[in-house]
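Read the structure below first, then the notes.
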Amino acid sequence: MERFGEHGDAAGACPAAALDAEACRQLFGSLHRNGQRLKAEQYVRGLLSVPGRKTLRNLAARFDGAAAQQSVHHFITTSPWDWLPVRHALARQTQRTLAPEAWVIGTTLIPKAGPYSVGTDPQSTALGTVNGQQAVGTWLASERTAVPVDWQLRLSDRWLADPLRRRAGVPGDAALGTVEECVRRAVTGLLDIAGMTRLPVVVDVAELDGVSVARFLLSTGLPFVVRTSPTAPARIDRSELPSYGNLLRSAGELAESLPQLRQRANPGDGCTTAMAVPVLMSRSPRDAMTLLVEWRPGRRVDRRLWLTNLDASRLVPALRLTRLPGVVARVFAEVSDDVGLRDFAGRSFPGWHRHITLASVAHLVAAWAREDAERPAERQGGGPAVPDSGRMSPGQRDYHPVT
């Protein structure tokens, strides 16, 4: 794992100190003008240092003069720089500095007080309807930390039709009307990033058709784990378990009918009861997957089901992957809101993407500073700290898809 910048000791107290010239060159090298690269750096430093909400108004206030403040607004909302190359550079920098173990794709709710911010609509949640935006984030995650590196904003029909589409600057190819469309775009996006290590993909989205997404991921050849519903139809793959019947039933019923396949396993956070069953999600052998089930008595959700293309013998590595969405949730609460990830209040679709891109860069800087502060031996040149008991480096993990 490489160091992020040359100012490790200072970064522990002030994350912005890690954003040195070399880090800026790697992250913002795709911006063609010196002024754009300087504004990107200043904007990220503002996200890391300005107290309170990181709105454009509050961030612009740290620049001297009305013209400079107006320039910040222009840089985010109307300047023609492309955010995707910055996100790709962010993913590569995250890989170099934080040694992620998987991609994690999940949804984020961004509450809004009014209806005017791009993508804002009534959103259904477990606690009722909330006015806000729904975004799908692609994160690079390890057992210690996580960093968002790409985002999709779900747009309802009203945002995809004029006059709202024209006013918000929504491009013609941004037809992301469902969460599943956003997830598929997210997977396609991570495949487009050059220079990345092949990593498993974890999709944890409750409202998603897990079978449909799992089939899509099968076509990519990437190892994956996708949360699925207990009502998803499945049958035992008798080519793997020939002594069992192959009646079509729900995944939940199938799991409960096979108590003899349950086993105790420890994925690194304590013993749990789980099972991995070779299944067919249709009559076609091309839809061969593994149904992963975990029972967690006493938890808010006492049973979770996942589909994966990892071999059924790889129960513990698969369970380890299911822990990573929890890391994302924890790090989001600890870091993301502090760097203004959800604070963009403008009406511009490009502005939303540019702000959340630079907020994701700020998240990486803050997350790296936290990691660095927790590794005193590494900071003092004593080499990497000893890994926590039960943890493995990405190179030690054996993620073999079913073939």
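Bear in mind that the values here come from a model prediction, so they are computed numbers and not experimental data. In this chain, numbering begins with 1 at the start of the sequence shown.
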**Report entry** Residues that Arg166 engages under salt bridge (Lys or Arg N to Asp or Glu O under 4.0 Å), provided they are two or more places apart
**Finding:** Asp162
Query raised in the report: Counting N and O atoms only, with roles assigned by atom type, does the side chain of Asn131 sit under 3.5 Å from a partner on the main chain of Lys112, one being a donor and the other an acceptor?
Result: yes
Query raised in the report: Hey, mind stepping through Ser336 and His363 against side chain to side chain donor-acceptor pair (under 3.5 Å) and telling me if it holds?
Result: CA-CA 6 Å; Ser336 296; His363 181 114; 3.1 Å; yes
Query - Option among Glu180, Gln123, Glu181 that satisfies the side chain to side chain donor-acceptor pair (under 3.5 Å) test with Arg154 - result: Gln123
**Report entry** Shortest non-hydrogen separation from Asn309 to Pro223 and the atoms involved
**Finding:** OD1-CA, 3.4 Å
Query raised in the report: Does Arg354 make a cation-pi contact with Trp81 (under 6.0 Å, within 45 degrees of the axis)?
Result: yes
Query raised in the report: Is there a donor-acceptor pair under 3.5 Å between the side chain of Arg320 and the backbone N or O of Pro267?
Result: yes
Query raised in the report: How about Glu41 and Gln36: does a side-chain donor come under 3.5 Å of a side-chain acceptor?
Result: no
Requested in this report: Answer with yes or no whether the side chains of Arg304 and Thr228 bring together a donor and an acceptor at under 3.5 Å.
Outcome: no
**Report entry** Pairs involving residues 19-49, ordered by first then second residue, that meet ring-ring contact (aromatic ring centres under 6.0 Å, His included) (sequence neighbours left out)
**Finding:** Tyr43-His355
Query - Modelled atom types, side-chain donor and acceptor of Ser257 and Arg249, under 3.5 Å - result: yes
Query raised in the report: Looking at Ala141 and Val328, what are the two nearest heavy atoms and their distance?
Result: CB-CG2, 4.3 Å
**Report entry** Spatial distance of atom CG (Leu47) from atom CD (Gln42) [nearest 0.5 Å]
**Finding:** 12.0 Å
**Report entry** Test applied, side-chain contact (heavy atoms from CB on, under 4.5 Å); reference residue, Trp103; option that passes from Val149, Val202, Leu324
**Finding:** Val149
Requested in this report: Check whether any side-chain heavy atom of Trp139 sits under 4.5 Å from a side-chain heavy atom of Ile105, and report yes or no.
Outcome: no
Requested in this report: First locate atom CG of Asp150, then atom CD1 of Ile193, and finally report the distance between them rounded to the nearest 0.5 Å.
Outcome: 6.5 Å
Query - Short side-chain to backbone donor-acceptor contact, Arg87 and Ser360, under 3.5 Å - result: no
Requested in this report: State, yes or no, whether a side-chain contact exists between Arg227 and Leu208 at a heavy-atom distance under 4.5 Å.
Outcome: no
Query raised in the report: Under the criterion side chain to side chain donor-acceptor pair (under 3.5 Å), which of Arg264, Arg262, Gln263 is the partner of Thr273?
Result: Arg264
Report task. Could I get the full list of side-chain contact (heavy atoms from CB on, under 4.5 Å) partners for Pro171, not counting sequence neighbours? Result -> Asp173, Ala174, Phe349
Query raised in the report: Looking only at atom types and distance, does a side-chain atom of Thr107 sit under 3.5 Å from a main-chain N or O of Val136, one as donor and one as acceptor?
Result: no
Query raised in the report: For Thr197 and Gln95, what are the C-alpha separation, side-chain angles and deciding distance, and is it a side chain to side chain donor-acceptor pair (under 3.5 Å)?
Result: CA-CA 8 Å; Thr197 301; Gln95 178 177 254; 3.0 Å; yes
Report task. Go through Asp204 and Val104 one step at a time and tell me if the side chain to side chain contact (heavy atoms under 4.5 Å, CB included) criterion holds. Result -> CA-CA 8 Å; Asp204 185 11; Val104 177; 5.6 Å; no
Query raised in the report: Under the 3.5 angstrom rule, does the side chain of Ser250 hit a backbone N or O of Glu253 as a donor-acceptor pair?
Result: yes
**Report entry** Residue pair Gln93 / Trp368, side-chain donor-acceptor N/O under 3.5 Å
**Finding:** no
Query raised in the report: Do side-chain atoms of Lys54 reach the backbone of Asp338 as a donor and acceptor pair under 3.5 angstrom?
Result: yes
Query raised in the report: If we ignore angles and hydrogens, is there a donor and acceptor under 3.5 Å between the side chains of Gln134 and Thr108?
Result: no
Query raised in the report: In terms of ring plane angle, is the pair Trp352 and Trp151 parallel, tilted or perpendicular, where the classes change at 30° and 60°?
Result: perpendicular
Requested in this report: Kindly compute the distance separating SG (Cys24) from CZ (Arg45), expressed to the nearest 0.5 Å.
Outcome: 6.0 Å
Query raised in the report: Among side-chain atoms of Gln152 and Arg184, is any donor-acceptor pair under 3.5 angstrom?
Result: no
Query raised in the report: Do any N or O atoms from the side chain of Trp83 and from the backbone of Leu358 form a donor-acceptor pair under 3.5 angstrom?
Result: no
Report task. Could you check His73 against Thr77 for side chain to side chain donor-acceptor pair (under 3.5 Å), going step by step and ending with a plain yes or no? Result -> CA-CA 6 Å; His73 283 266; Thr77 59; 5.9 Å; no
Query - Side-chain donor-acceptor pair present, Thr231, Ser229, cut-off under 3.5 Å - result: yes
Report task. Look only at the side chain of Arg165 and the backbone of Gly172, and say whether a donor-acceptor pair between them is shorter than 3.5 Å. Result -> yes
**Report entry** Atom CZ of Arg158 with >12 non-hydrogen neighbours under 6.0 angstrom
**Finding:** yes
Query raised in the report: Within the distance-only criterion (no hydrogens, no angle test), does the side chain of Ser79 pair as donor or acceptor with the backbone N or O of Ile76 below 3.5 angstrom?
Result: no
Report task. Could you go through the side chain to side chain donor-acceptor pair (under 3.5 Å) check for Thr55 and Asp343 one step at a time? Result -> CA-CA 6 Å; Thr55 63; Asp343 286 351; over 6 Å; no
Query raised in the report: Does Arg323 CZ have over 12 foreign heavy atoms under 6.0 Å away?
Result: yes
Query raised in the report: Do Val279 and Leu254 touch side chain to side chain, with heavy atoms closer than 4.5 Å?
Result: yes
**Report entry** Leu321 CG to Glu143 CD distance, which is reported to the nearest 0.5 Å
**Finding:** 9.5 Å
**Report entry** Side-chain touch Arg342/Asp337, heavy atoms, less than 4.5 angstrom
**Finding:** yes
Report task. Could you tell me whether a side-chain N or O of Arg347 sits under 3.5 Å from a main-chain N or O of Leu164, the two making a donor and an acceptor? Result -> no
**Report entry** Side-chain touch Thr290/Asp311, heavy atoms, less than 4.5 angstrom
**Finding:** no
Requested in this report: Enter the distance from Leu315:CG to Leu319:CG here, rounded to the nearest 0.5 Å.
Outcome: 4.5 Å
Query raised in the report: Is the shortest side-chain N to carboxylate O distance from Arg303 to Glu294 below 4.0 Å?
Result: no
Report task. Indicate whether any N or O donor in one side chain lies under 3.5 Å from an N or O acceptor in the other, for Ser142 and Glu101. Result -> no
Report summary line: Taken to the nearest 0.5 Å, the spacing of Leu291 CG from Ile236 CD1 works out to 10.0 Å
